[in-house]
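Just so it is clear: chains get the letters A, B, ... in the order the sequence lines come, proteins before strands, and each one is counted from 1. Just so we're clear, the structure is a prediction, and the values are computed from it rather than from any experiment.
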There are 2 protein chains.
Amino acid sequence: MELDQLTECYKAMADKTRLNILALLRHEELCVCELVEILKMTQPSISQHLRKLKQAKLVKERRNSQWIFYSIDGEIYPFIKANLDALPDMSEKIEQLKQSGGKVCC
Amino acid sequence: MELDQLTECYKAMADKTRLNILALLRHEELCVCELVEILKMTQPSISQHLRKLKQAKLVKERRNSQWIFYSIDGEIYPFIKANLDALPDMSEKIEQLKQSGGKVCC
DNA sequence: TTAGTATATAACCATATGTTTATATAAAAT
DNA sequence: ATTTTATATAAACATATGGTTATATACTAA
């Protein structure tokens, strides 16, 4: 692949918050406010991280009325599956979100 | 894997020069002065990039008298092979180095 | 020991990055 | 239409990063 594209990919992954987001989206698509709640970060901060991931084509978005749901993309990277598989399991966080009533939606 | 370890890995890969170094080392181990010549960058700059790669355990070093040869490591990362395979082929650069008489060594 | 070569480290500086606060946009509900 | 909710963008600031120049270290050769 092109080095520039690869650099953009790894830059997008070179941040703990963004790896957390990818790890969460591996389980299921989530909207911004859900990520805000799980990660305990401000909404603008999460939005900017999502923008970077989207620009690197690691996630894609889908609008559903007020909400924008983000999900894993990365199909342009032949290695993406191997990298996602190395991310820690976040099912507990997703569980907590559902139990705290927050799921679908905010 | 641990998110902190993964973050360090992707930070180390999030730079075009360092991806170039990895792409070159995929072909064969190289010493600092060879990388300097191929990449047309200053020696301190290359050394600092190598340090980052080494700290992330993506490369290892082997001393041979005055020279320190760097080579690919990355064995702690289950996805490393897939990622290295996506790097562009650099055999032409290696060829040029050998023809310019520079190989083994400096 | 001294001089030379290969590499590492430190100090400095310019640019990039991530966070926060404030504001804008877009859709929904009233 | 106006208000509310969800998300995006902008401005400002502190910290991180990468490059350069200068210097230190490690090994070799004489």
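- Sequence order on DNA chain C of the closest nucleotides to A:A14 and B:S45 puts B:S45 first from the 5' end.
- Taking the side chain of A:V32 as heavy atoms from C-beta on, and the options D:dT28, C:dT7, D:dT7, the nearest nucleotide is D:dT7.
- Closest to the side chain of B:Q66, out of D:dT20, D:dC27, D:dA8, is D:dC27.
- Here the P atom of nucleotide D:dT20 and the CE atom of B:M41 are 6 Å apart, to the nearest Å.
- Checked by distance alone, B:Q43 brings no side-chain donor or acceptor within 3.5 Å of a matching partner on the base of C:dT9.
- Going from atom CH2 of A:W67 over to atom P of D:dT4 covers 17 Å, rounded to whole Å.
- Among D:dG18, C:dT9, C:dT20, the nucleotide with an atom closest to any side-chain atom of B:S47 is C:dT9.
- With salt bridges taken as basic N to acidic carboxylate O contacts below 4.0 Å, one links B:D85 and B:R26.
- Remark: side-chain polar atoms of B:R18 are paired, donor with acceptor, to backbone N or O of B:K11 under 3.5 angstrom.
- Under the 6.0 Å cut-off for aromatic ring centres, B:Y10 and B:F79 qualify, their centroids lying closer than that.
- Between the CZ atom of A:F69 and the C1' atom of C:dA27 there is a distance of 14 Å, rounded to whole Å.
- The side chain of A:K52 approaches C:dT17 more closely than any other nucleotide in the set C:dT20, D:dG18, C:dT17.
- Judged purely by distance below 3.5 Å, without hydrogens or angles, the side chains of A:S47 and A:Q43 pair a donor atom with an acceptor atom.
- Following rounding to the nearest Å, A:I68 (CD1) and D:dA8 (C1') show an atom-to-atom distance of 8 Å.
- Contact check, B:Y70 against C:dA8: a side-chain N or O comes under 4.0 Å of OP1 or OP2.
- For B:D15, the listed nucleotide lying nearest its side chain is D:dG18; candidates were D:dA8, D:dA6, D:dG18.
- Between the NE2 atom of B:H49 and the P atom of D:dA16 there is a distance of 18 Å, given to the nearest Å.
- The separation between B:L39 atom CG and D:dG19 atom P is 11 Å, rounded to whole Å.
- Comparing B:R51 and A:K11 along DNA chain C, the residue whose closest nucleotide (by nearest heavy atom) sits nearer the 5' end is B:R51.
- Taking every side-chain heavy atom of B:T42 into account, D:dT20 is the closest of C:dA27, D:dT20, C:dT7.
- The side chain of B:P44 lies closest to D:dT21, out of D:dT9, D:dT21, D:dG18.
- Per the geometry, CZ belonging to B:R63 stands 8 Å off P belonging to D:dT28, to the nearest Å.
- Residue B:R18 places its side chain closer to D:dG18 than to any other of D:dA11, D:dG18, C:dA8.
- With rounding to whole Å, A:Q55 atom CD is found 13 Å from D:dA8 atom C1'.
- Nearest approach of A:L58 to A:C9, heavy atoms of both residues: CD1-O, 3.9 Å.
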